[in-house]
Amino acid sequence: MTPNRLTAGALLGLLAGCVPGIAVPLPEVPEGSSLLFAQRSGSTVHATFLDEGLTSRAVLPDEAWLGVYPFPPRALDLEAGFDLADLPQAGSQPLPEPTTTWAVANLGAEWAEVPATDAPWGDLHVPQITAEHCAERGGCISEDDPWRCNLDCEVDDPAPAALPIFACPAGWAPVEGPPNSGVTPCLPEHRPSAIECPDGAMLGPAEATCRPIVPCPTEPGWPPAPPGVVRYVSPEAAAGGDGSLANPWRDLATATGQAPDGAAILLADGVYTVAGLVRGRALRLIGRCPQLARVETTEVALRCEDAQVTLTGIRLATSSADAPAAQLSRCTSALEGVELAAAATAVQVTGGRLDMSTVRSRAAVGVNSEGAAITVSDWDHRGGGLLATGGTVELTGARLSGPVDQDGVALVEVPTATVSGLDVDGLGGTIVRTTGIFRHVVVRDVVVRAPTASGLRGELAAASETAPRPRLDIARFALLEVQAGLSVRGMQVRGEDVVLLSRGGAINAEPLEPWPVDLELRRLWVTSDGSTTINLENGEQTGITSTIEGEDWLVVPRVGTGPTHAIHARADTVLRLHRAYLVSGTTSAYYSRCAESHLEDITVVAEGGTGMVIHAANPSEFERIRFEGGFTAGLTVAVADVDCLRAGSTFKDVLFPACSNCQTAVRVLTGVEMVGERFKILDHQVGLEVEGEGDAHLTRSTVMGNTVGLQLPSQRLVEHVVRGVRLDNQRNIAFSSP
């Protein structure tokens, strides 16, 4: 016969010869399908598949059935023409129902479609197809058709992992990322290294050249007189003056003690060696520029007590080892166009308010305040910057330089603060530190080069169930060279456009009972020479679950003498990460020690170590993951030596490109379960290795070109692992034990 007709005669197998008959047309079937022809003879059902290889068939002119199957008989390890009645029952499985069934009462009549239950399919068996045998034939067994070997199976490639996206903010520019990574991070545009301006000049944040604090006039004279009451003081005046233009006071103490409330005191050019005191009044002290109007004393140059004072165009300096240049107690003070110099503190503020703008200062501490409202802008300071205890802080433009072993901005029990426009060179303490309970601190537009400093620390001495959890917002925060990056405890942190290029660890986050860490960072680029670039710690605070969320991360450990990780997430931590490029340290790119992980669009580059090590305490999910590099193991799913719950991990769309010097792509260790869908593993020494009592389920996957496709502990795992996997390796399946 041909594929679309039968010859009515004697049923082959009952008669030795072929009896001539009449050609019987067969129904049309879809391309790639085959027909199973069945007839009864007594109590036996005879059935045979018809395909191109069978050209004729002698049958009885009796009742007959046809079943349509969407594959050739070789998918069942059968040849066309083989009678299923001859199949031994041992090693067989029941024949599933066909997609379509036709029947005729007498062969030669017109075929009619009938329900499958009206045909004798339930009496038939086909060979039992083993996953191992199917794999050796180059086919795969799918979950949709678990009873046949699909020799033409095509497995979809994994969906590609998206790379991080860095859209540079204003004032930042793209730079070259890791070689061949396709990732282009951002850095702030040119920022000068430490430059020391001469007296009377300053360097503001992001500026490359010095400028005058206040331009000095070339012609002699007095400062311009403002409206209102005006008094005059000159170090060249005769004693006993009255403060008039014709008869100025001689020293600052007399001027500030005798000037009427609300007066403006104009300072003639010269050096004033007697300190001033403003008490209980409102006064303005005005010089032409800090180089010309200079108050230089052996004590506090200017005191203000319960008063209002404004300083412009003046230099305040003290030679005392411990006195501040200006001491302001419960005052409303404004400093603009002022230069300050002291050994210890430039400005000491207690209570009241300080507004400071266009100021140059040199001291161990620039501003030391307690319980005051501080506003600072356009500030050039050499030394430790701002130490505030209580009160509020708004710093919106400052350049801090060293080398000194001091903090940049230290906030102690400050409920609300904003630190922005900060440019730091060479300090040795912490650039921004928050200590004690606070409500909300904003840090943005910060650029730091300080090789021995720490970047930002949120240090809470204690937490409270009744107090609101502190919040820290970070934006456009670049630590270009520091010893340590970001360290927070028990607070909410939101950040975007963060660069941490550190010599130690870059990020350390841990809870503080009863507060977890709630950390969300977008567009993060970190490098580290420390043991762990990003350390998500639980410390001793067990049972407190911290949540870490991130998008567009580039994490690159650089040098490590011991075990190093790009990210280390510990128990009671939930990590949700989308679009990241992770480079392994000497140990791994991502090490989950009993954390819960939800990772999407991750590229892992591991050179010599392990790409990912997953000890899952709660069900964890990984989607669109790409592994690159020359690793000993790309992905290891394991049980930690602590009390993890041993929850299963699921992986979807995972790609291991060809790698001649890679050892094992995936390792599943004893005691854990891994479920994987759409894996593609190419040209490794071992594609998937399962140890001991480990368990792995792969579906819709490709394992090709490897020295060993699957290294399994025993035969028990074959059905789990191979079902739905396209295998074509030097050796598809190897067993480590019988």
Side-chain angles (χ1 to χ4, degrees), residues 158-161 555 565-569 575 577 580-617 619-640 644 646-659 661-692 694-704 706 708-712 717 720-721 725:
V555 186
H565 311 279
I567 301 177
H568 191 173
L575 174 62
L577 186 56
Y581 189 95
L582 309 179
V583 178
S584 74
T586 57
T587 304
S588 64
Y590 177 51
Y591 189 94
S592 168
R593 188 178 179 82
C594 303
E596 179 181 335
S597 308
H598 301 270
L599 275 60
E600 296 180 335
D601 293 300
I602 310 297
T603 298
V604 176
V605 180
E607 295 292 349
T610 299
M612 285 185 175
V613 179
I614 307 301
H615 305 273
S620 295
E621 301 171 327
F622 303 82
E623 295 191 30
R624 299 181 299 282
I625 314 294
R626 178 185 176 94
F627 290 86
E628 298 178 352
F631 44 74
T632 56
L635 169 63
T636 298
V637 184
V639 173
C644 287
R646 305 188 181 190
S649 298
T650 61
F651 295 81
K652 294 181 180 180
D653 296 303
V654 180
L655 174 62
F656 291 86
C659 179
N661 61 334
C662 292
Q663 296 184 23
T664 303
V666 182
R667 294 181 67 210
V668 180
L669 305 188
T670 190
V672 293
E673 177 185 27
M674 185 201 77
V675 177
E677 180 178 346
R678 285 189 300 277
F679 273 57
K680 189 170 187 177
I681 305 173
L682 304 177
D683 298 337
H684 289 60
Q685 293 184 31
V686 178
L688 168 67
E689 179 182 2
V690 182
E691 295 185 0
D695 203 355
H697 300 258
L698 286 187
T699 59
R700 299 176 176 87
S701 298
T702 301
V703 182
M704 300 180 69
N706 305 283
V708 176
L710 307 175
Q711 179 76 47
L712 305 178
L717 273 184
H720 285 182
V721 178
V725 178

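For this chain, numbers begin at 1 and follow the sequence in order. It should be emphasised that the depicted structure is a prediction, and the values quoted were computed from it without experimental measurement.
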Asks: Please list, chain by chain and in numerical order, all residues satisfying ring-ring contact (aromatic ring centres under 6.0 Å, His included) with F622, sequence neighbours excluded.
Replies: F651

Asks: State the CZ-CZ distance between R700 and F679, to the nearest 0.5 angstrom.
Replies: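 That separation rounds to 14.0 Å.
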
Asks: Over all heavy atoms of both residues, which pair between V690 and A696 is shortest? Give the atoms and the distance, please.
Replies: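 Smallest heavy-atom distance, with atoms named: CG2-CB, 3.9 Å.
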
Asks: Side-chain donor-acceptor pair under 3.5 Å between S597 and Y590, yes or no?
Replies: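 Judged by distance alone, the side chains do pair up.
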
Asks: For T603 and A161, work out which heavy atoms get closest and say how close.
Replies: OG1-CB, 4.3 Å

Asks: If you measure from CG on D695 to OG1 on T670, what distance do you get to the nearest 0.5 Å?
Replies: 10.0 Å

Asks: Once rounded to the nearest 0.5 Å, what's the spacing between atom OG1 of T587 and atom NE2 of H568?
Replies: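 Answer for the OG1-NE2 pair, T587 versus H568, is 9.5 Å.
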
Asks: To the nearest 0.5 Å, what is the distance between CG (L599) and CG (L577)?
Replies: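 Result: 5.0 Å between the selected atoms.
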
Asks: Calculate, to the nearest 0.5 Å, the distance between atoms OG1 and CD belonging to T650 and E677 respectively.
Replies: 9.5 Å

Asks: Does the pair M612 and I625 meet the rule for a side chain to side chain contact (heavy atoms under 4.5 Å, CB included), with working shown?
Replies: CA-CA 10 Å; M612 285 185 175; I625 314 294; 4.1 Å; yes

Asks: Run the numbers on E689 and V708 for side chain to side chain contact (heavy atoms under 4.5 Å, CB included), then give the verdict.
Replies: CA-CA 9 Å; E689 179 182 2; V708 176; over 6 Å; no

Asks: Ignoring hydrogens and angles, write down the donor-acceptor pairs under 3.5 Å from the side chains of residues 628-638, residues two or more places apart or on other chains.
Replies:
unit_1 : atom_1 : unit_2 : atom_2 : d
E628   : OE2    : R626   : NE     : 2.5
E628   : OE2    : R626   : NH2    : 3.4
T632   : OG1    : G609   : O      : 3.2

Asks: For H598 and E596, does a side-chain donor sit closer than 3.5 Å to a side-chain acceptor?
Replies: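 There is such a pair between these side chains.
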
Asks: With rounding to the nearest 0.5 angstrom, report the CG to NE2 distance, L669 to H615.
Replies: 8.0 Å

Asks: Once salt bridge (Lys or Arg N to Asp or Glu O under 4.0 Å) is applied, do any residues pair with K652, and if so which ones, sequence neighbours excluded?
Replies: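 Testing K652 for salt bridge (Lys or Arg N to Asp or Glu O under 4.0 Å), a comparison that skips the adjacent residues, returns none.
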
Asks: Of all the heavy-atom pairs spanning I614 and S649, show the shortest one and how long it is.
Replies: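 So the minimum-distance heavy-atom pair works out to CG2-OG, 3.7 Å.
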
Asks: In chain order, what residues pass the side chain to side chain donor-acceptor pair (under 3.5 Å) check against S588, with sequence neighbours excluded?
Replies: H565

Asks: List for me each residue that meets side chain to side chain donor-acceptor pair (under 3.5 Å) alongside Q663, sequence neighbours excluded, and say none if there are none.
Replies: none

Asks: Using the side-chain contact (heavy atoms from CB on, under 4.5 Å) criterion, which residues pair with D683? Sequence neighbours excluded.
Replies: A658

Asks: Going by salt bridge (Lys or Arg N to Asp or Glu O under 4.0 Å), name the residues that satisfy it together with D601, two or more places apart in sequence or in a different chain.
Replies: R624

Asks: If the condition is ring-ring contact (aromatic ring centres under 6.0 Å, His included), which residues does F656 pass it with, not counting sequence neighbours?
Replies: F627, H684

Asks: Which atom names give the shortest non-hydrogen contact between A589 and S584, and what distance separates them?
Replies: N-CB, 3.4 Å

Asks: Compare every heavy atom of L582 with every heavy atom of I567, then report the nearest pair and how far apart it is.
Replies: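 So the minimum-distance heavy-atom pair works out to CD1-CD2, 3.8 Å.
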
Asks: What residues, two or more places apart in sequence or in another chain, satisfy salt bridge (Lys or Arg N to Asp or Glu O under 4.0 Å) together with E691?
Replies: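 Residues passing salt bridge (Lys or Arg N to Asp or Glu O under 4.0 Å) with E691: R667.
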
Asks: When you compare the side chain of V668 with that of L688, does any pair of heavy atoms fall below 4.5 Å?
Replies: yes

Asks: What residues form a side chain to side chain donor-acceptor pair (under 3.5 Å) with S701, not counting sequence neighbours?
Replies: none

Asks: Using atom types as modelled and distance alone, determine if a side-chain donor or acceptor of N706 lies under 3.5 Å from a backbone N or O of I681.
Replies: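 The answer is yes, because a donor-acceptor pair under 3.5 Å joins these two groups.
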
